[in-house]
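Worksheet for the structure shown next.
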Amino acid sequence: MQERIGVFVCKCGPNIGDKIDVDTIVNEVKNIDGVVTAKSHNLLCSNDGLEFLKEEIIKGNLSRVVVAACTPKMYEQKFMNTCEEAGLNPFLFHMTNIREQVAWVTPDKILATEKARKLCLAAINRMSFQEPIEKKEIDVQPDVLVVGGGVAGLEATLTLTAKGRKIILVEKDDSGKTETTESAQFRRVYLVEKSPCIGGVSARFEEVYQTMECAPCMLSPELQEVLQKENVETLTYSEVEEIVGSFGNFTVKIRRKARYVSEEACIGCNACFEPCPIEIPNQYDGGLSKRKAIYLPYAGALPNVPVIDRLNCLHLNGKECNACEQACAFGAINFEDEDRLIEKNVGAIILAVGSKLSDPTQFPQFGYGKYDNVLSAIQLERLNASNGPTGGKILLRNGQEPKSIAFIYCVGRKEKGYCSGICCMYMSALAHHVKEKLPDVKIYSFYTDLCLPKKEHQKIFEKVLAKGVEFIRSDGSEYVDYDGKKLIVKYKTESSVKSVLADMVILAPPVEPAKDIEKLAKLLDIPLDEHGFFSEEHILMKPFGAPLEGVFVVGTCQGPKDIGDSVAQGSASAGKILSRLMLGEKLELEPIVAEIDEEICCGCNTCIGLCPFSAIHRDVEKKVSVIDDTLCRGCGTCVAACPTGATKAKNFTMEQISAEIMEVAK
Amino acid sequence: MPKPKVAFYWCASCGGCEEAIVDLNEDILKVVELVDIVFWPCAMDFKYDDVRKMKDNEITVAFINGAIRTDEQEEMANLLRKKAQIVVAFGSCSHLGGIPGLANFWDRETIFESSYGKGCPSVDNPDGIVPQTVSKVPEGELTLPAFHNTVKSLDQVIDVDYYIPGCAPPPYLTMKAIVAILSGELPEKGAILAPEKTLCDECSLNDSKPEKISIKEIKRISEVISDPEKCFLAEGVICMGPVTRSGCSEEGDGKCISANMPCRGCFGPPPEVKDVGGKMISALASIVGLEGEENMSEEDVEKLINQIVDPAGYFYRFSLPTSLLRRKRMSNPAKEDRYNG
């Protein structure tokens, strides 16, 4: 059948109309074989224009539609919808860009017209190879995976499961899918946390800015709620191992590391700690205190179930010891425990794996690791914390109170190339706490630039200033020496080199990505930025959406930020999911996917390892590659790689593309 | 009823395709029973004039092997086209340009220089004499066919009805084609008389191929003792099998492969592929260094890719004239297609 092609050239007001001789193009394409209608319009994307387009399609009984206008990124979808309304499969429509790629960049009207004419001819030439594509739908999977149990992850979890959900009890290891239709009505969140407890870094802080509130107290209700919510499955001491699929339909494999303590049997009496003969530095206290091989990260950690560290436990390393087992009155110790791999199906993923403070030994000029009383800010946080190693007392290593402390801001900022944006505030807050506890202590604060951007911050800074903390601006070249008694902080001002003596030095190293980020980025094939944080889709407009649909990067794994900002992102990402993954709805699959013609495929396997979405597998019987179209996202990687031409990208077939190119190259 | 008439002719070729006809062995007797061979310069004494004197379409089928690189070949191709009802491009050179087609990376002048010039160690030619179309000698004029700058496939010169691929075509495909033509069971015009799937499909080593293939190091076949049970690509030896039509061996295991050699690509591309070299480069580039790709620097990638010796020659070994590249760009495009004088 001869195609009935309609060509519509938009003038976009003066944008195209003044730069390109639209009438000449319309008159020429009118005479091309197969073109039954060629018209221009002043503004095709307006309601008028769309109505006009719809009428023309119906009136002309058009089988193919070309629109020459702006970039397809603007209104392609709108035009496709109009085609659909007019009864034409939207994939029989093609848009060619004569605004951004011609009118706006080619000032000479004759040249611009020629260029636009060629693009129109190319589009028309492609039309006979265009094929209708039918859209496919699957049931939406409303459940969500949240990775990371810090403030951002917690907030997301609570928002996702907040309201209107009748809670049904699902036994952890049973398959919840045996429930009848009713069970599908509820959204579940799988909260995966790598460490044995939830609450993240914030739960380890005594008092946090801006409110100077006790963080464990502030967080505790939220933590309890998450742990008790029955449509939240909290998987602590767990890691994500594999993710396949796409928005609305991810399959996730989670490794639940052996805890060796039964979460069901343990009542959290902590009687097992005392008898354990092993003592090692507790990383959750910045190594300032010791913990046992069976331990809780810190007092009050939730869930209140200890974990046995398999690297250091005597029993698990073949030695004779079962001290904890004997001490446990509830039979909760289980040395036979093993890692388990569990599989969950989710519709969206929130990555909230947080960040860490850089190891200050990277910046040797400050003497961290060399001098006892040079500490990182997180260590001072733990000293200040009532559940910390000194019960909240600010003490030197020798147990005495410091008389003078030097705070050094902006550690490693130059080396890292970014300002973490939170150190000025937490250092000020720490100075404030120290001054509360030790009113006579002398505090020097060395900074290169102060970052006090929010409505509360200036106030806190002024408060600290009023308490007598001395702020010294230096050029960032401070270094720390030791005279056998006191630490010496040398610094440069504009005019001279000076120094102060201090008992203790506190460093504010940069916030850097957590270790897991790289692994997760690889699992999902999402990019990291130059500093190793997750890249967001758009720093301004989509600051927490990963460039992969249905995946969100929130909190400090996307970049340094404070608690408030992290919570806001957690909440916002949940909002995005709530509005898009509606319970009981259908999800439209990406229509422009790749397909493999098994009559042509030679089974060379070239494509299989390339697919970033693990959508291709080998059919062993037929000896060909097969694409799962619920997983394929139409990226075209396999199409480019296929040596036989068996793999085709719908709507971007070799015929279609070469028809366009050949016409332009004529 | 008179027997159908068959002609065989060779253009720019090595003679292997002629051998391939002889390789029909006793089957050739069956052919001779069925047809009259009216022209076969390689094997029988015919003159060009014999052909010229024939009526148009008098020959049922002409099998022409070799690429077209001289005036004489072009003239004979046109003559046979006129005299034959069916023209079959026989073998890789005729089908795709073949090995002689690699000359398109040079031109007449540079080819003459390397064949007759000072740079050629086996030629003693102090006066730098190169072939001329006309040379005056005391006895009169001597002529030679003009040597073109560009080697062409047969269908770039005349209309071709069918193709039998291969360097050289396996006898079983030739016999099948002859039988089909004589019995009138003609496939669609333009058909390539070989299977459509590429070689991996029938390759006996395919099962040994890992599902996720990544090439760490590229090696030439001469640099490895290749395991006869393992896929060449998985070992880092470039095999053109994925992008080359199968059918080279009647037993269905790949002629070169069964001799423990990687496929060189003589059967040409499958139907969906326009440019064999480009396709293979694209496929190879996708899997080279795939594992650990994120840890590779630009230099690492370059080093790995530079392990491919003579990529143009390797990937376009049989297909340069019919590829998208076609030939090296001529410094003077007016001289491109032929040598006038």
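It should be emphasised that the depicted structure is a prediction, and the values quoted were computed from it without experimental measurement. The chains referred to below are lettered A, B, ... by the order of the sequence lines, with proteins before strands, and numbering in each begins at 1.
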Just checking [X]: does its [atom1] atom have more than 12 heavy atoms from other residues, nucleotides or ligands closer to it than 6.0 angstrom?
{"X": "Ile225(B)", "atom1": "CD1", "value": "no"}
{"X": "Lys189(B)", "atom1": "NZ", "value": "yes"}
{"X": "Lys356(A)", "atom1": "NZ", "value": "yes"}
{"X": "Met662(A)", "atom1": "CE", "value": "no"}
{"X": "Lys522(A)", "atom1": "NZ", "value": "no"}
{"X": "Lys118(A)", "atom1": "NZ", "value": "yes"}
{"X": "Asn295(B)", "atom1": "CG", "value": "yes"}
{"X": "Arg220(B)", "atom1": "CZ", "value": "no"}

Using a 4.5 Å cut-off on heavy atoms from C-beta on, say whether the side chain of Asp207(B) contacts that of Lys623(A).
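SC-SC contact between Lys623(A) and Asp207(B) confirmed.
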Let me know if [X] has heavy atoms under 4.5 Å from chain B in its side chain, its backbone, both or neither.
{"X": "Ser625(A)", "result": "neither"}
{"X": "Glu518(A)", "result": "neither"}
{"X": "Val620(A)", "result": "neither"}

Please round to the nearest 0.5 Å and tell me the distance separating atom OG1 of Thr606(A) and atom CG of Leu233(B).
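With rounding to 0.5 Å, OG1 (Thr606(A)) is 7.0 Å from CG (Leu233(B)).
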About how many Å separate CG of Asn206(B) and SG of Cys602(A), when rounded to the nearest 0.5 Å?
7.0 Å
Who among [options] has the most heavy-atom pairs with chain A under 4.5 Å?
{"options": "Arg245(B), Glu293(B), Lys197(B)", "value": "Lys197(B)"}
{"options": "Ile287(B), Ile213(B), Thr198(B)", "value": "Thr198(B)"}
{"options": "Cys200(B), Cys231(B), Gly278(B)", "value": "Cys200(B)"}

Let me know if [X] has heavy atoms under 4.5 Å from chain A in its side chain, its backbone, both or neither.
{"X": "Pro271(B)", "value": "neither"}
{"X": "Pro242(B)", "value": "both"}
{"X": "Glu211(B)", "value": "both"}

If you count heavy-atom pairs under 4.5 Å with chain B, which of Gly609(A), Gly603(A), Pro643(A) comes out on top?
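Heavy-atom pair counts peak at Pro643(A).
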Check step by step if side-chain contact (heavy atoms from CB on, under 4.5 Å) holds for Glu655(A) and Glu272(B).
CA-CA 10 Å; Glu655(A) 289 94 345; Glu272(B) 298 292 319; 4.1 Å; yes
For Cys642(A), is there any backbone N or O sitting under 3.5 Å from a side-chain donor or acceptor partner on Lys279(B)?
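Yes; judged by distance alone, with no hydrogens or angles, the pair exists.
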